[in-house]
Amino acid sequence: MSLSRWAGKAALITGASSGIGLATARRLGQAGMKLALAARRAEPLDSLKNELTAAGTETIVVPTDLRRDESILAMFDAVREAWGGVDVLINNAGLGRNDTIAEGKTEDWREVLEVNVLALTVCIREALVDMAGKADAQIINISSVAAHRIPPGRNATFYGASKHAVRGITNGLRDELVQQGSPVKIGMISPGLVETGFHAAFYRDEQKGQEAYTRFKALEPVDIADAVVYMLSTPPHVQINDIILRPLAQPH
Ligand SMILES: NC(=O)c1ccc[n+]([C@@H]2O[C@H](COP(=O)([O-])OP(=O)(O)OC[C@H]3O[C@@H](n4cnc5c(N)ncnc54)[C@H](OP(=O)(O)O)[C@@H]3O)[C@@H](O)[C@H]2O)c1
């Protein structure tokens, strides 16, 4: 798997402050890409930037609240100012909430929709502006197995619905790009259980979040980062639509 043609190109990674986004930043940094790291929390982004810079990666930190349109636009402005725009967008930031449709809160659903679906779509629109005229550019959405089947018994119906929307947007955009004769590639990655900060946020409880990873050996963030690398490593004429990967012991 070679990422040599992406060396020196710019990748924007949302949700780079932890988990899958952070692991992906390390992998793309090793490949010689320039990296824009976005999330709300500046402190973990700064510490990742220090690590990457020490390893020779050109990095900028863009503290961003994806629930705010103006914050997303400022994030793209920062990348345009630094490097003239993005070549690769890793739409990774996301969250779920432990609830049922009968008892969930409107405010929680709004947050899930705004981050997982709306911000992801605005980021795609802005990235397409930067990618216009480029011979080589790629968008990767970090989706979920929940994009394919609402997880049974997990109180994650609304989260799963948001990831179904990500799948719809990914596939619909692919059609739009093909119709336009665009060289921009669009794909998604659909992980099962990955050991990250996701479940602490899902349960709003650190301990319960940790317990989610005791049933079987979960995927590690780097497993998803490696799938990103594989997707990016394919030659320009090859388009991977989706990579579904689960822990060995995860049934669905
Ligand atoms: N972990 C799993 O089992 C699993 C499985 C399938 C799919 N996924 C997907 O993988 C992606 C990454 O999640 P993860 O597992 O790495 O979880 P994580 O460790 O909780 O990371 C989530 C990231 O999203 C960012 N984020 C959340 N709300 C944001 C907002 N309003 N503005 C900007 N950034 C925001 C967080 O940064 P800040 O808090 O600093 O803003 C954090 O960097 C998500 O899309 C998730 O749905 C995860």
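Worth knowing before you read on, the calculation uses all heavy atoms, side chains too, and leaves out hydrogens, waters and symmetry mates. Here the structure is a predicted model, which means the values were calculated and not measured. Atoms within a ligand are numbered from 1 in the order they appear, just like the ligands themselves.
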For this session: Begin from the C-alpha positions of Asn141 and Thr170 and carry the test side chain to side chain donor-acceptor pair (under 3.5 Å) through to its verdict.
Result: CA-CA 8 Å; Asn141 295 329; Thr170 306; 3.0 Å; yes
For this session: Step by step, work out the side chain to side chain donor-acceptor pair (under 3.5 Å) result for Thr234 and Lys185.
Result: CA-CA 10 Å; Thr234 55; Lys185 293 204 241 180; 2.9 Å; yes
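Of the protein's heavy atoms, Gly94 O, 3.7 Å lies nearest to atom 22 (C) of ligand 1. Residue, atom and distance of the protein heavy atom nearest to atom 33 (C) of ligand 1 are Thr64 O, 3.3 Å. Atom 12 (C) of ligand 1 has its closest protein heavy atom at Asn92 OD1, 3.1 Å. Looking only at protein heavy atoms, the nearest one to atom 16 (O) of ligand 1 is Ile20 N, 2.9 Å. Residue, atom and distance of the protein heavy atom nearest to atom 39 (O) of ligand 1 are Arg40 NH2, 3.0 Å. Of all protein heavy atoms, the one closest to atom 6 (C) of ligand 1 is Pro191 O, 3.2 Å. In terms of protein heavy-atom proximity, atom 19 (O) of ligand 1 is closest to Ser18 OG, 2.5 Å. Nearest protein neighbour of atom 14 (P) of ligand 1, counting heavy atoms only, is Thr196 OG1, 3.4 Å.
Residue contacts with ligand 1: Gly192 is included, with a non-hydrogen atom under 4.0 Å away. In this structure, His199 counts as a contact residue of ligand 1, since one of its heavy atoms falls inside 4.0 Å of the ligand. Proximity of Glu114 to ligand 1 is not established, as no heavy-atom distance is less than 4.0 Å. At least one heavy atom of Ser143 sits closer than 4.0 Å to an atom of ligand 1.
Within ligand 1, the atoms closer than 4.0 Å to a non-hydrogen atom of Leu193 are 3 (O), numbered from 1 in the order shown. Close approach of ligand 1 to Arg67 (heavy-atom distance below 4.0 Å) involves ligand atoms 31 (N). The distance from ligand 1 to the heavy atoms of Gly19 drops below 4.0 Å at these ligand atoms: 16 (O), 19 (O). Heavy-atom proximity to Phe198, at under 4.0 Å, picks out these atoms of ligand 1: 1 (N), 15 (O), 17 (O), 18 (P), 19 (O), 20 (O), 46 (C), 47 (O). Counting atoms of ligand 1 from 1 in the listed order, those under 4.0 Å from a heavy atom of Arg41 are 37 (O), 38 (P), 39 (O), 40 (O). Distances below 4.0 Å separate heavy atoms of Asp65 from the following atoms of ligand 1: 30 (C), 31 (N), 32 (N).
Of the possible donor and acceptor atoms, none in the side chain of Asp87 sits under 3.5 Å from a partner among the backbone N and O of Ala137. Between the side chain of Glu126 and the backbone N or O of Leu73 there is no donor-acceptor pair closer than 3.5 Å.
Residue contacts with ligand 1 for Lys163 involve side-chain atoms from C-beta outward but no N, CA, C or O (heavy atoms, distance under 4.0 Å). Counting heavy atoms closer than 4.0 Å to ligand 1, residue Val115 contributes side-chain atoms (C-beta onward) but none from N, CA, C or O.
Residue Tyr213 has no nitrogen or oxygen atom sitting less than 3.5 Å from a nitrogen or oxygen atom of ligand 1, judged on distance alone. For ligand 1, the polar-atom distance check against Val194 finds a nitrogen or oxygen pair separated by under 3.5 Å.
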Please report, to 0.1 Å, the donor-acceptor pairs under 3.5 Å made by any side chain of residues 94-103, with sequence neighbours excluded.
unit_1: Arg97; atom_1: NH1; unit_2: Ala201; atom_2: O; d: 2.7
unit_1: Arg97; atom_1: NH2; unit_2: Glu111; atom_2: OE1; d: 3.0
unit_1: Asn98; atom_1: OD1; unit_2: Asn155; atom_2: ND2; d: 3.2
unit_1: Asp99; atom_1: OD2; unit_2: Trp109; atom_2: NE1; d: 3.2
unit_1: Thr100; atom_1: OG1; unit_2: Glu103; atom_2: N; d: 3.0

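For Ser190 and Lys163, the side-chain atoms include no donor-acceptor pair closer than 3.5 Å. Ser4 and Ser2 share a donor-acceptor pair across their side chains, judged by distance under 3.5 Å alone.
Applying the 6.0 Å contact sphere to CZ of Phe216 captures more than 12 heavy atoms from other residues, nucleotides or ligands.
Compare Ala119, Ala200, Ala39, Ala146 by their heavy atoms: the one nearest to atom 34 (N) of ligand 1 is in Ala39.
The pair Arg110-Glu107 counts as a salt bridge, with a side-chain nitrogen and a carboxylate oxygen less than 4.0 angstrom apart. Taking a cutoff of 4.0 Å between a charged side-chain nitrogen and a carboxylate oxygen, Glu70 and Arg68 qualify as a salt bridge. The residues Asp108 and Arg204 are annotated as salt-bridged, a charged nitrogen and a carboxylate oxygen being separated by less than 4.0 angstrom. Ion pairing between Arg26 and Glu51 holds under the 4.0 Å rule for side-chain N and carboxylate O. Glu220 has a carboxylate O that lies under 4.0 Å from a charged side-chain N of Lys217, or vice versa, which qualifies the two as a salt bridge.
Judged as a ring pair (Phe, Tyr, Trp, His ring centres under 6.0 Å), and not counting sequence neighbours, the contacts of Phe198 are Tyr159.
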